[in-house]
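One structure is given below, encoded as structure tokens.
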Amino acid sequence: MGSKHKIIGKPERRVDAWGKVTGRAKFAEDYSVAHQLWGKVLRSKHPHAKILRIDTTKAETLPGVEAIVTARDIPGSKVFGIVVKNQQILCEDRVRYLGDGIALVAARSREICEEAVALIEIDYEPLPVISDPEEALKPGALPIHGDKNEFVHHKVCKGDVEKGFAEADFIIECTFKTQFVEHSYIEPEAVLAEPAEQGGVVITGSVQNLFSSRRSVAEALNLPLSRVQIIQATLGGSFGGKDEVMTSMCCRAAILATKTGKPVKMVNSREESMLESYKRHPYVLYYKWGAKHDGSITAMEVRCIADGGAYASMSPFVTWRSVVQATGPYCCENVKTDIYAAYTNNNYTGAMRGFGSPQVNFAIESMMDELAAKVGMNPLEIRMKNGFENGAVTATGQKLTHTVSLKEVLTKAAQEIGFEAKWQKYRSLKSGEKKRGVGLACSYRGVSLGAEGTDAAETIVSVQTDGSVIVSSGVTDMGQGAQTQMSQIAAEVLGITMDRIQFLNTNTSRVADSGPTVASRGTIMGGTAAKNAAEKVKTTLLEVGAAMIGCDVGSLDLAENYLINVKTNERLASFSELCAECFRKGKPMMGFGWHHSPPTSWDEEHGQGDAYFTFVYGANATEVEVDTETGKVNVIDFVSVHDVGKAINRGMVIGQMCGGVAMGLGYGLLEEFEIEEGVPKQLNFDEYLIATAMDVPRIRTIIVENEDPAGPFGAKSVGEPTNELAAPAIVNAIFNATGRRLYEIPANLERVLLGHKLTRTGKRGSEVKANHG
Amino acid sequence: MYIRVVSVFIRGKYSMRLFEFYSPRTFDEATALLSQYGADAKIIAGGTDLLIELRKPGAKTPKAIIDISKISELTGIREEGDLVVLNALTTHSDILRSQTLQKHASLLCSAASTIGSPQIRNRGTVGGNIMNAATCADMVPPLIALDAQVTLKSRGGTRTSSLSEFFVKPYVTSARPDEILIDIRFPKPPAAASSSFVKLGRRNAVSISRLSVAAILHVEKNALVKEARIVPGSAFPTWQRVMEAESILVGKKPSRELFAEAGKKVAEVMISITGRRWSTEYKEPVIAVLVRRALEACWDN
């Protein structure tokens, strides 16, 4: 298949590489304009409190202060939210977590802003702080919003679990816990909001989901969407993290800009960013499986509680992906899954690379190894026994009609690392200071948004009269490479080289609302739209070419920057000449490509339906060395295998795979954003530990390509699947090494050595306080 | 006399701070500035600790920052007869590459190699590591094991202090505000002695010591321990040799069991000093292991 494409599948250089490596790329903080003011937020002093009084008089008199804004000054909607509109742009009468903003200052310098913020007086009446989601769900708990803290309950129901458990030879029950983690994008939040010439506002910022941010700004300012323009600055990372926190910042900066009539710039420090921004949900996961001695699973019952934090944010969608995927790519006739999300006074939780899968995968893949141990099979055998094959029916009753490559990726990962022999050898080794272990994990993952909501995107291909091409899309690039993928697709269709293509950053006023760039949908949605757009232009160009040459359209094609005769490969005209001719003939040279996803369905009541239009499959295998005397785990080998449908750009696919593993390794071993009684303990990278280059081994990547008709040139997804398997693979490897299973992550020094977490009490000489998990 | 005076802002989390910045070229200039500003001055060398400290909310801003990094007399490693002398501005990178130290005190090279990242090792100095006096300072346990002395200079003259008596409590030393640390010197251990440094961090780089141990072991020709020195890091409020554990070893034949016994003793001493804390459940067994490993590493050499 590879040979038929000129650009697709090749490791083409990223279209944004040159700007980034030379320092010419402009990130949001790099934008400054004349008369610009600085904006700053006054944040809450309490995780949960009533606001009794806000007094801004002293701050207003400070020289250099141009505006002070509280919730009362917001002309339109004071709250926003994609699913539940309850996130406060500024709090008026109640704060619900420490990151909540109460007032805004616009001043002539950052220093004056800081001084002014310190002069604003707030009187609070502290309320009880709820930091544990299970406490929040108890009857009688103080509701943080409305009349109860439960705001999501998703279900999946298939067969009869009671019957399944009755048929089982034995039952395995385990409770797992996962932690808050920070996205750790290198660039903290930043925007520049400018009053527009004809009214409204123009915002340039580090925004991931421009269209949802735009909607909220328009509602806050009572403006039509046409008067709010959001331009994406080059993003310094996002990983799902620059959605609501950026919407909030866009609204705040736009309010200040409108009030002062001047441009306002806002930039968060790292501490502000970690304090305010949302995190990946911590889950408590109760798993109960019934199984037979032959390893088959008769029933799976799952109950999960997600800590939603102070606001609903993306929790309803994140937990929905969890409920669909909570029993993994394994056959079972009887499934009952319930997933709840609860409000607490912690940081709110939302989208993060993986989006509800890393948590359930940790539980599923740990359970699978427990099952293997119970029936005396090895972890590969148990997965091969229960794993999905072509035509399998999922827990939601969806029949899989694409190539189900679960067993292919599993086998490849296991073979590459020499899994079975090592697993057998390591488990039988006697005690020692350093013990090795191998671990395996696999998953299936629904591509794009699925039945979460409308799933469509636009890409525009605009051919210039000299044969150069401008591509733009409603799908944003946050570093994952969407621009390069879409450029490659346009270049492939138009038969031109990549150097002819210029990709523009997304601008909400120049392309159609394409939904959020989430759910690993960049390539499959934006890329298909790019293909459609380029094909439209190509049709026009070939018609013009046929008239110019005097032949059939069918005998012509575009290749290597030329119009060619398909039979003889004779070059008939250069692409540039063809474009010039097209312009002379007055033909349209701009293609608008739209892609709407294939249908999905969902019955919320029974939790059944065709949740996603297609799925991807991945497997990770790892080898670790555990220091049994200190609890230190070193990951010494890693294999990552993913079926991506078709690699549009092999280099970038490998990049995603390695980045996903590094991030997943941090999730499994190191990262933990600790919140105690609503107060975060780590606000910078001195204490919040992510993996360094010295912690990540050489990663062996294997790309599997089972082309899928649902995607452009057969391509599906790669961004998130790469990040959802490393943690369970590592924990399973630790189990192989030590014979002890960890039910909580991260597997840090204390958990590995002692089996439970230690919590810093700050009290000297006091008895140790252990959280037994 | 050449002194640059510049007014500099540091942008902190909550406010801008103004201070005088001096860059003296000689000891005399530096000590003159220190006697003028006293406790209102802060000395900067590599800046890997001070710059982070200054941008913390609520941090006290010094009136003056005196950059001693241009004083050329403050760099370099040399031998003076039976002594090895490290000038205060010697960077961790200088230390880990030093042939002299490899030969006479390889535990210093090991310790330096575990600090931060290459960037931090290129900037951070041994003098700064001592003067910052964090309980996790990685250069201090090896230097105390080596029985190091520090030399302090002020306008009034020069004095020396034993490093083990130099620290008052975490982040506090007995140096006067007008004093500048100019060098660290220690006697060369006997050629037959060997040394080691083991460090446990949460990750493999840019990692603060969770626990560490510096050890020196001198085993005589008759295969009995003549002398042993054990200095744990991140275990006590200030560093000290654990004589109770060292004495277990002296006069005995080295063995894994003996080393383990010394390790247990160190854990006991640690708890007697710090009491049982939230972290003791972890640190008690692990410090014992690290002591044993440090001694084993000496013995393997």
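What you see is a predicted model; the values in this text were computed from it and never measured. Throughout, a chain's letter reflects where its sequence line sits, starting with A, and its residues are numbered from 1.
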- Message: Counting neighbours of NZ on B/Lys264 that are heavy atoms of other residues, nucleotides or ligands and sit closer than 6.0 Å, is the number greater than 12?
- Response: no
- Task: Rounded to the nearest 0.5 Å, what's the gap from CD on A/Glu433 to CZ on B/Arg292? Could you check?
- Result: 4.5 Å
- Nearest heavy-atom neighbours spanning B/Ala205 and A/Met694: CB-CG, 3.5 Å
- Region of A/Leu689 that comes under 4.5 Å of a non-hydrogen atom in chain B: both
- Message: Are there over 12 heavy-atom neighbours, none belonging to B/Ile44, within less than 6.0 Å of that residue's CD1?
- Response: yes
- Message: Would you say OH of B/Tyr171 has more than 12 non-hydrogen atoms from neighbouring residues, nucleotides or ligands within 6.0 angstrom?
- Response: no
- Message: Working note: B/Lys283 + A/Glu750, criterion side-chain contact (heavy atoms from CB on, under 4.5 Å); need CA distance, chi angles, decisive distance, verdict.
- Response: CA-CA 9 Å; B/Lys283 284 191 170 182; A/Glu750 293 84 2; over 6 Å; no
- Task: Determine whether more than 12 heavy atoms belonging to other residues, nucleotides or ligands lie under 6.0 Å from atom NZ of A/Lys632.
- Result: yes
- B/Arg203 side-chain N/O to A/Asp695 backbone N/O, donor-acceptor pair under 3.5 Å: no
- Item | Pairs of heavy atoms under 4.5 Å with chain B: top-ranked of A/Thr692, A/Asp627, A/Leu753, A/Leu749 | A/Leu749
- Query: Counting N and O atoms only, with roles assigned by atom type, does the side chain of B/Tyr282 sit under 3.5 Å from a partner on the main chain of A/Arg751, one being a donor and the other an acceptor?
  - Reply: no
- Item | Nearest-0.5 Å distance, CZ of residue B/Arg202 to CG of residue A/Leu670 | 9.0 Å
- Side chains of B/Asn204 and A/Asn634: closer than 4.5 Å at any heavy-atom pair? yes
- Message: Counting neighbours of NZ on A/Lys681 that are heavy atoms of other residues, nucleotides or ligands and sit closer than 6.0 Å, is the number greater than 12?
- Response: yes
- Message: Please rank B/Val289, B/Val206, B/Leu290 by heavy-atom pairs under 4.5 Å with chain A and give me the top one.
- Response: B/Val289
- Best-contacting candidate, A/Ile690, A/Ile112, A/Asn684, against chain B by heavy atom pairs under 4.5 angstrom: A/Ile690
- Evaluate the criterion side-chain contact (heavy atoms from CB on, under 4.5 Å) for residue pair A/Glu629 and B/Leu200; output intermediate values, then yes/no. CA-CA 11 Å; A/Glu629 293 183 317; B/Leu200 177 72; over 6 Å; no
